[in-house]
Amino acid sequence: MTRFDEIVDELYGLAPEAFVKRRNELAREVKADGDRELAGRIDKLRRPTQAAWAINQWVRAHPDDSALIDELASELTAAQRRSAVDKMRALSRRRQELINSSVTAVTRTAAERRVRLADSAVREVTQTLRAAVADHDVLEQVLRGNLTASAEYSGFGPAGVFVVPEPSPEPDRNESETRVAASAADDSEASSSDESDRERRELEARLADAEAGERAARSHLDDASGTVDGASSEVDEIVARAQELRAELARCEESLRFARQRLSTAEQGRAEARIALREAVAATNEIRAALAEF
């Protein structure tokens, strides 16, 4: 592992409230060692959300359980490529069971670390694990245990195998009925083909517009999420700095209290020294007066 990988692994294993302080410490250490580029990369690391943190801890604590997600994703992809409908249907049921048990395990892992996940965080855990099964890139992030935020399936890729329609039963027909039905179908097909083509073109055009709108909305969401992450990180840094300043103020006030005590003691000593000096001067004057009489 590179130094950066080691730092990432350490940071995303911490509790969220400890993330920013430790990240800043590591960035300062690396910068002091002269590696400004690495320090900059460390500064850009973002504190994980509660859901992402919980998934990270589960993956780290139970790698064998989280590997089941990887195994299921591979089986679903293989079944889709073979168009194995029955297999995909069975895997779809298994997927739901695995995600449900995994969400429970993630919640339990967080509870073992004295963190109770909010309902919204549990929902984010669920959608992230679903996305991991559907999207290889998300799966890799999950298995590394370095998630910063929840993920959501974008609508492209192997997730289409998750909903497998049941085949429609065909009524029994004898050969004569089949021929009659086929002839009627040919007649109706010829008359409706133009209408079907027109409707298909309209639907394709609407689909293209909808997909463009989805991409634009997703881009806007990504930008907004980036802004939120940046503002959240800034708030975390300011809070951490404020805590440091409060601690420094407390130390200064304590030092000031001790300094005032020393000042008070010194002033008392000086007053006593002045009295002693006056007494010494008086004694000296008495002796001089006595000597002057000889």
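Between Ala51 and Glu124, the shortest heavy-atom distance links the atoms CB-OE1, 3.5 Å. Across all their heavy atoms, Val122 and Val103 have their closest contact at CG1-CG1, 3.9 Å. Residues Ala149 and Thr49 approach most closely at CA-OG1, 3.8 Å, considering heavy atoms. Looking at every heavy atom in both residues, Pro16 comes nearest to Pro48 through CB-O, 4.4 Å. In plain terms, the two heavy atoms of Arg23 and Asp43 that are nearest each other are NH1-O, 3.8 Å. Taking every heavy atom of both residues into account, Ala39 and Ala27 meet most closely at CB-O, 3.6 Å.
Rounded to the nearest 0.5 angstrom, Leu68 CG and Ile99 CD1 are separated by 12.0 Å. Of the inter-residue distances, the one linking Leu143 atom CG with Asp70 atom CG reads 5.5 Å to the nearest 0.5 angstrom. Here the NZ-CZ distance, from Lys44 to Arg46, works out to 9.0 Å after rounding to the nearest 0.5 Å. Leu38 contributes atom CG, which lies 8.0 Å from atom OG1 of Thr2 (distance to the nearest 0.5 angstrom). Atoms CD and OG, from Gln50 and Ser120 in turn, are 7.0 Å apart once rounded to the nearest 0.5 Å. Put simply, CD on Glu71 and CG on Asp64 are 11.0 Å apart, with the number rounded to the nearest 0.5 Å.
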Exercise for review: Tell me, with the steps shown, if Leu147 and Tyr12 meet side chain to side chain contact (heavy atoms under 4.5 Å, CB included).
Suggested key: CA-CA 8 Å; Leu147 279 175; Tyr12 288 98; over 6 Å; no
Exercise for review: Verify side chain to side chain contact (heavy atoms under 4.5 Å, CB included) between Val115 and Trp53, making sure each step is shown before the conclusion.
Suggested key: CA-CA 10 Å; Val115 175; Trp53 170 83; 3.5 Å; yes
Check your understanding: For Arg288 and Leu291, what are the C-alpha separation, side-chain angles and deciding distance, and is it a side chain to side chain contact (heavy atoms under 4.5 Å, CB included)?
Key -> CA-CA 5 Å; Arg288 284 175 178 166; Leu291 287 174; 5.6 Å; no
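Among residues two or more places apart in sequence or in another chain, the salt bridge (Lys or Arg N to Asp or Glu O under 4.0 Å) test is passed with Glu6 by none. Residues that satisfy the side chain to side chain contact (heavy atoms under 4.5 Å, CB included) test with Glu279, not counting sequence neighbours, are Ile275. For Glu254, the salt bridge (Lys or Arg N to Asp or Glu O under 4.0 Å) test picks out Arg257, with sequence neighbours left out. Under the side-chain hydrogen bond (donor to acceptor under 3.5 Å, both in side chains) criterion, Arg144 pairs with no residue, sequence neighbours left out. The salt bridge (Lys or Arg N to Asp or Glu O under 4.0 Å) search around Asp5 returns none, not counting sequence neighbours. Applying the side chain to side chain contact (heavy atoms under 4.5 Å, CB included) criterion to Glu272, with sequence neighbours excluded, gives Gln268. Remark: Arg274 pairs with no residue by the salt bridge (Lys or Arg N to Asp or Glu O under 4.0 Å) rule, at least two apart or across chains. Not counting sequence neighbours, the partners of Ala132 by the side chain to side chain contact (heavy atoms under 4.5 Å, CB included) test are Ile69, Val138, Leu139, Val142. When the side-chain hydrogen bond (donor to acceptor under 3.5 Å, both in side chains) test is applied to Glu140, the partners found at least two apart in sequence or on another chain are His136. Looking at residues two or more places apart in sequence or on another chain, you find a side-chain hydrogen bond (donor to acceptor under 3.5 Å, both in side chains) between Glu10 and Arg22. Residues satisfying the side-chain hydrogen bond (donor to acceptor under 3.5 Å, both in side chains) criterion with Gln141, sequence neighbours excluded, are absent altogether.
Under a 3.5 Å cut-off, the side chain of Ser264 and the backbone N or O of Arg260 do not form any donor-acceptor pair. Of the possible polar contacts, one joining the Asp135 side chain to the Asp137 backbone as a donor-acceptor pair under 3.5 Å is found. For Ser150 (side chain) and Val125 (main-chain N/O), no donor-acceptor pair under 3.5 Å exists by modelled atom type.
A heavy-atom distance below 4.5 Å is found between the side chains of Phe4 and Leu45. The side-chain heavy atoms of Arg60 and Asp9, taken from C-beta on, include a pair separated by under 4.5 Å. Using a 4.5 Å cut-off on side-chain heavy atoms (C-beta onward), Val133 and Leu98 make no contact. Counting heavy atoms from C-beta on, the side chains of Glu248 and Cys252 come closer than 4.5 Å.
A salt bridge is defined here as a Lys NZ or Arg NE, NH1 or NH2 lying under 4.0 Å from an Asp or Glu carboxylate O, and Glu25 with Arg28 fails to meet this definition.
For Glu267, the CD atom sits in a packed shell: over 12 heavy atoms of surrounding residues, nucleotides or ligands are nearer than 6.0 Å. Residue-environment remark: CZ (Arg94) exceeds the threshold of 12 foreign heavy atoms within 6.0 Å.
Every pair tested for side chain to side chain donor-acceptor pair (under 3.5 Å) that includes a residue from residues 102-119 fails, sequence neighbours excluded, so the list is empty.
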